[in-house]
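Letters A, B, ... are given to chains in the order of the sequence lines, protein chains preceding strands, and every chain is numbered from 1.
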Number of protein chains: 2
Amino acid sequence: MTVSDPRLDDLPGYSGGRFPAACNSRTVLDHVTSKWGVLVLLTLSAGSLRWGELRRTIEGISEKMLAQTLRTLEADGFVLREAQAVIPPRVDYSLTERGRELADRLIPLMGWIADNADEIVDGGMRQRA
Amino acid sequence: MTVSDPRLDDLPGYSGGRFPAACNSRTVLDHVTSKWGVLVLLTLSAGSLRWGELRRTIEGISEKMLAQTLRTLEADGFVLREAQAVIPPRVDYSLTERGRELADRLIPLMGWIADNADEIVDGGMRQRA
DNA sequence: CAGTATCCCCGAGGATACTG
DNA sequence: CAGTATCCTCGGGGATACTG
C-alpha cells in the first residue's frame with residue numbers, strides 16, 4: 001500500500017505512489033549530491049578551471065575524490081575535459097551546456113544556504129546549550 | 001596560494017579565495033545533500049505526513065536513516081515534529097517556513113533532474129557500449 | 001504506530017607514494 | 001602538472017530485534 005495523497009503526485013521524481021528506489025532520477029541525484037559533486041559543479045560554474053585550481057579552490061577534497069567526482073560528472077555529460085598535449089600537461093575543466101543548466105538550479109540553492117547557514121547552525125547550538 | 005579568478009568571488013559559499021572546509025555553509029549543505037535529506041524534504045513539501053507514510057513513500061530508506069535524517073532536519077529547523085498523545089501514537093512531520101524556503105530551491109533542481117535523468121543515464125550507457 | 005537499541009559490514013573516502 | 005595505484009580506516013548505513 002502506498003500513500004495516496006494527491007499532493008505528492010506533483011513532485012518531480014515521484015512516480016507510482018512513491019519515490020522509486022531504482023530509477024534514473026535517483027542515480028543522477030546521487031551523483032550530483034555526492035559528497036563533492038555540488039562544490040565541483042558550483043566552482044566550475046564560474047568558468048573553466050585547471051585541475052590544480054579546482055583542487056585548491058575546493059578545500060579539503062583529496063586527489064582521489066576530485067578525480068572520481070570529475071569522471072562521474074564527465075560521464076553524465078555535465079563536465080567537459082580538455083587536455084592539451086603540452087609539457088607540463090595542462091587540462092582544463094568546464095561545464096557543458098547541460099552542466100550549466102544544472103548549475104543554474106544549484107546556485108540559488110547554495111545561495112540560500114550561504115545566506116542562512118549561520119542562523120541555522122547557531123540556532124541549533126543555542127538549542128543544545 | 002589561492003585561485004584569484006574574480007568570477008569565483010560571486011559564488012555563494014565562496015570566501016577568502018576558496019570554498020572553506022570548515023564553515024556553516026558546508027555543514028548545512030552536507031545535511032541537505034545527505035543520502036536521504038533531499039528526498040525527505042521534497043516529500044514533506046507536499047504537506048504534512050506521518051512517520052509510516054514517509055517510510056513507505058521514500059522507497060529504500062531504513063527506519064534508522066529516516067529517524068536520523070528527520071532529527072537532523074528538525075535540529076536545523078527545517079522540519080516540525082508534532083506528536084499527539086494518543087494510542088496508538090500519531091506523529092506528523094511537516095516543513096517549517098525555513099524548510100519551505102529550502103524546498104523551494106530543491107524542487108526546481110529535482111524537477112530538472114527528473115526531466116533529464118533518462119537522457120543523462122542512457123547517454124552514459126550508449127557511450128560505454 | 002512510531003520509534004530505539006544493537007550489531008555488523010562494506011565501501012566511500014582519505015593518505016601516501018609513484019608516474020608520464 | 002595532472003593524474004594513478006595502493007593501502008587502510010572509519011563511520012555511514014542496513015538488518016534485526018525490541019519497546020512504550
Counted 5' to 3', the first and last nucleotides of DNA chain D within 4.0 Å (strictly under) of a heavy-atom of chain B are D/dG13 to D/dG20
Between [X] and [Y], what is the shortest heavy-atom contact and its length?
| X | Y | result |
| --- | --- | --- |
| B/E82 | B/S94 | OE1-OG, 4.3 Å |
| A/Y14 | A/F19 | N-CE2, 3.7 Å |
| A/P12 | B/I107 | CG-O, 3.8 Å |
| B/S48 | B/D92 | OG-CB, 3.5 Å |

Got a list of protein N/O to nucleotides 10-14 of chain C N/O distances below 3.5 Å?
residue, atom, partner, partner atom, Å
C/dG13, N7, A/K64, NZ, 2.5
C/dG13, O6, A/K64, NZ, 3.1
C/dG14, OP2, A/S62, OG, 3.4
C/dG14, O6, A/K64, NZ, 2.7

Answer yes or no: is there an ion pair linking A/E97 with A/R100, defined by an N-O contact shorter than 4.0 Å? yes
Can you tell whether the side chains of A/R98 and B/E119 come within less than 4.0 Å, N to carboxylate O? yes
Strand partner of D/dG20, provided both Watson-Crick or wobble distances fall under 3.5 Å: C/dC1
Are any side-chain N or O atoms of A/T96 and backbone N or O atoms of A/G77, one a donor and one an acceptor, separated by less than 3.5 Å? yes
Using modelled atom types only, decide if a donor and an acceptor are shared between the side chain of B/E59 and the backbone of A/A21 within a distance under 3.5 Å. yes
Under 4.0 Å, heavy atoms only, any strand: does A/R50 hit a base, just the sugar-phosphate, or nothing? sugar-phosphate
